[in-house]
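Residue numbers start from 1 in every chain, and the chains themselves are labelled A, B, ... in the order their sequence lines are given, proteins ahead of strands.
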There are 2 protein chains.
Amino acid sequence: MIEQFRNRFQLEASKFDAYAKCFNRIEVPAKTTLLNEGEISKRMFFIEKGCIREWFNNDGKDVTCQFFFEQEAVGSIESFKKNIPGLTTIETIEPSVLWWIHQEDALRVIEEIKDIPRLRDLFIDKIFERTFDYMKYFFSAIKDSPQERYLRLLAERPEVIRRVPQHYIASYMGISSVHLSRIKSKLSKR
Amino acid sequence: MIEQFRNRFQLEASKFDAYAKCFNRIEVPAKTTLLNEGEISKRMFFIEKGCIREWFNNDGKDVTCQFFFEQEAVGSIESFKKNIPGLTTIETIEPSVLWWIHQEDALRVIEEIKDIPRLRDLFIDKIFERTFDYMKYFFSAIKDSPQERYLRLLAERPEVIRRVPQHYIASYMGISSVHLSRIKSKLSKR
DNA sequence: ATAATTTGATAACAAATGTTATCGTCACCC
DNA sequence: GGGTGACGATAACATTTGTTATCAAATTAT
């Protein structure tokens with residue numbers, strides 16, 4: 001994991017090592033809560049192995065708002081800067097191997113990165129990508145039927161379909177698990 | 001308009017004037033198409049007065065994806081860097097006074113801005129804000145009923161309700177105009 | 001191994017939402 | 001000032017989606 005980052009960002013060795021010290025490796029079983037509103041000191045996670053979902057409580061029902069897999073960062077910059085949407089809970093779906101960093105360290109690293117043009121541009125691109133993603137999700141939500149959205153998810157993020165329990169996917173799609181089951185059944189009859 | 005920007009960004013006079021030269025003022029009637037897939041050279045607009053909607057064609061129906069009002073920028077950075085979602089059309093809803101800039105000029109200004117820490121941070125904050133907005137829209141789409149989303153729109157962006165024709169709002173909410181009419185009627189009966 | 005829990009499919013019924021059509025009002029154009 | 005089209009309300013009916021309940025299979029815990 002560490003080596004991947006070293007290659008990816010090409011920092012000077014001393015600086016990289018300083019950053020690397022901030023990261024802690026943990027292994028956790030499935031259904032482990034990593035972050036919730038109770039916690040005061042926030043953390044950010046990188047997934048070496050496993051799969052995570054982010055969700056929040058809406059009138060007693062959980063609404064899943066995102067899934068994360070290997071090589072992705074969770075508990076990310078957005079929720080660091082503001083708390084949106086309200087406070088979310090992050091928990092593992094599969095047994096996972098994670099690297100975590102304190103929020104303050106992450107923010108400090110980001111501030112330093114902003115002065116290195118190459119990394120700054122990389123950072124800005126990452127934010128843009130995230131913006132595009134959420135634009136896509138939003139547009140898809142208003143223009144596509146649930147069945148179309150399921151097919152889109154299957155095409156664009158097959159990992160989600162393969163690895164995530166179906167009722168979480170239904171919640172993420174904003175439909176009932178019964179309805180998702182019907183969609184699958186209808187599709188399989190072709 | 002120009003003076004507002006001068007105050008907002010506090011650039012050196014010479015640089016500011018160079019930028020200012022790139023902007024062109026136009027006045028257009030309602031329902032004017034400002035940008036569509038036919039156009040090769042793209043433009044970006046700032047609204048001095050009026051109101052704009054952005055939409056795209058989805059199987060023969062228009063889907064409205066956003067509304068813009070005074071002091072907002074349209075045809076923005078996102079669609080400059082990538083073309084998402086596909087190509088959108090931008091048209092005025094009300095008679096409007098606009099300032100436009102060539103895409104290339106806008107990109108050049110942005111590149112220069114990245115080296116001025118204060119403006120760079122402003123720029124990054126703007127992108128973040130946009131990301132948060134679309135996250136909120138997406139989450140609201142999966143967790144709230146159409147009626148709740150209407151009330152949210154009324155609370156958070158009353159301008160949209162006041163100034164935009166209802167069938168555009170319905171399209172933006174991803175519901176039929178009949179259904180939106182029913183929601184309003186139901187709410188007014190309380 | 002057995003029990004308990006989670007997951008997913010299905011049916012029956014209820015509620016929400018879409019579609020099509022009709023009508024009235026209002027603004028705009030000649 | 002009469003026509004035209006845009007806008008919005010409403011009704012009737014069709015379709016989609018949610019809810020609740022039940023069952024079976026798979027997974028996990030003891």
Side-chain angles (χ1 to χ4, degrees), chain A residues 28-33 50-51 53 55 58-64 67 91-96 140-151 153-154 160-190, chain B residues 28-33 50-53 55 58-64 67 91-96 140-154 160-190:
Chain A
V28 294
K31 299 204 184 204
T32 306
T33 296
C51 155
R53 83 180 178 111
W55 62 275
N58 188 49
D59 289 332
K61 288 181 191 169
D62 14 329
V63 176
T64 298
F67 303 109
E91 69 180 41
T92 52
I93 291 178
E94 303 172 354
S96 304
S140 180
I142 63 177
K143 80 179 218 294
D144 297 324
S145 67
Q147 177 167 319
E148 287 168 329
R149 276 186 290 139
Y150 178 77
L151 289 172
L153 197 59
L154 189 59
V160 173
I161 309 290
R162 260 199 312 115
R163 295 168 66 178
V164 175
Q166 205 162 298
H167 57 287
Y168 292 151
I169 300 178
S171 148
Y172 174 68
M173 291 176 63
I175 65 178
S176 70
S177 59
V178 176
H179 189 36
L180 178 53
S181 186
R182 279 194 284 239
I183 289 171
K184 284 185 63 176
S185 145
K186 191 175 155 198
L187 287 172
S188 70
K189 273 173 193 151
R190 295 195 188 159
Chain B
V28 294
K31 299 202 187 207
T32 306
T33 296
C51 155
I52 284 176
R53 84 179 176 112
W55 61 275
N58 188 50
D59 289 332
K61 288 182 190 168
D62 7 329
V63 177
T64 298
F67 303 110
E91 70 180 43
T92 52
I93 291 176
E94 303 171 355
S96 303
S140 180
I142 62 176
K143 79 180 218 293
D144 296 326
S145 69
Q147 176 167 319
E148 286 167 331
R149 277 186 289 138
Y150 178 78
L151 289 171
R152 189 180 294 275
L153 197 59
L154 189 60
V160 173
I161 309 289
R162 261 200 310 117
R163 295 168 66 178
V164 175
Q166 206 162 298
H167 56 288
Y168 293 152
I169 300 178
S171 148
Y172 173 69
M173 290 176 63
I175 65 178
S176 70
S177 59
V178 176
H179 189 37
L180 178 54
S181 186
R182 279 194 282 239
I183 289 171
K184 284 184 63 176
S185 145
K186 191 175 153 198
L187 287 172
S188 72
K189 274 174 192 151
R190 296 193 187 159

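- Checked for salt-bridge contact, A:Glu91 and A:Lys31 miss the test: no charged N lies under 4.0 Å from a carboxylate O.
- The backbone N or O of A:Thr92 sits nowhere less than 3.5 Å from a side-chain atom of A:Thr32 that would complete a donor-acceptor pair.
- Tested against A:Lys184 for a side-chain contact (heavy atoms from CB on, under 4.5 Å), the candidates A:Lys189, A:Gln166, A:His179 yield a single pass: A:Gln166.
- One finds the OG atom of A:Ser171 at 12.0 Å from the NZ atom of B:Lys143 (value rounded to the nearest 0.5 Å).
- A distance of 4.0 Å separates CD1 of B:Ile183 from CD1 of B:Ile175, quoted to the nearest 0.5 Å.
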Item to check | Heavy-atom protein contacts under 4.0 Å, nucleotides 22-27 of chain D, coded B base, S sugar-phosphate only, - none | outcome: ------

Between the protein and nucleotides 28-30 of chain D, list every N/O to N/O distance that falls short of 3.5 Å.
none

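- Between B:Ile93 and B:Arg163, the closest side-chain pair of non-hydrogen atoms is not below 4.5 Å.
- What separates CD of B:Gln147 from C1' of D:dG18 is a distance of 16 Å, to the nearest Å.
- In this structure a side-chain-to-backbone donor-acceptor pair under 3.5 Å is present from A:Arg149 to A:Met173.
- Distance check, rounded to the nearest 0.5 Å: OG of B:Ser185 to CG of B:Leu180 gives 11.0 Å.
- Taking every heavy atom of both residues into account, B:Phe67 and B:Tyr168 meet most closely at CZ-O, 3.8 Å.
- Contact record, B:Ala141 with A:Ala141: CB-CB, 3.8 Å, taken as the closest heavy-atom pair.
- Residues A:Gly50 and A:Ser96 approach most closely at CA-OG, 3.5 Å, considering heavy atoms.
- For the pair B:Glu94 CD and D:dC7 C1', the computed distance is 15 Å after rounding to whole Å.
- In this structure, the CG atom of B:Asp144 is 17 Å from the C1' atom of C:dT17, given to the nearest Å.
- Distance check: A:Arg53 CZ to A:Asp62 CG gives 5.0 Å after rounding to the nearest 0.5 Å.
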Next on the checklist: I'd like to know whether B:Thr64 forms a side chain to side chain contact (heavy atoms under 4.5 Å, CB included) with B:Val164, so could you lay out the CA-CA distance, the side-chain angles of the two residues, the decisive distance to 0.1 Å, and finally the verdict.
Outcome noted: CA-CA 11 Å; B:Thr64 298; B:Val164 175; over 6 Å; no

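- Proximity of residues 177-189 of chain A to DNA chain C (heavy atom under 4.0 angstrom from any strand atom) is restricted to A:Val178, A:Ser181, A:Arg182, A:Lys184, A:Ser185.
- The heavy-atom pair separating B:Ile169 from B:Ile161 by the smallest distance is CD1-CA, 3.9 Å.
- For the helix from C:dA1-D:dT30 to C:dC30-D:dG1, the angle separating the two terminal helix axes comes to 50°, with each axis derived from five pairs and the value rounded to 10°.
- Rounding to the nearest 0.5 angstrom, the gap separating the CZ atom in A:Arg182 from the OG atom in A:Ser176 is 6.0 Å.
- Listed in residue order, the members of residues 160-175 of chain A having a heavy atom less than 4.0 Å from DNA chain C are A:Pro165, A:Gln166, A:His167.
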Item to check | Reading 5' to 3' through nucleotides 22-28 of chain C, protein heavy-atom contacts under 4.0 Å coded B for base, S for sugar-phosphate only, - for none | outcome: -------

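- Straight-line distance from the CD1 atom of B:Ile93 to the C1' atom of D:dC7: 13 Å, rounded to whole Å.
- Note: A:Tyr150 OH to A:Asp144 CG = 15.5 Å, rounded to the nearest 0.5 Å.
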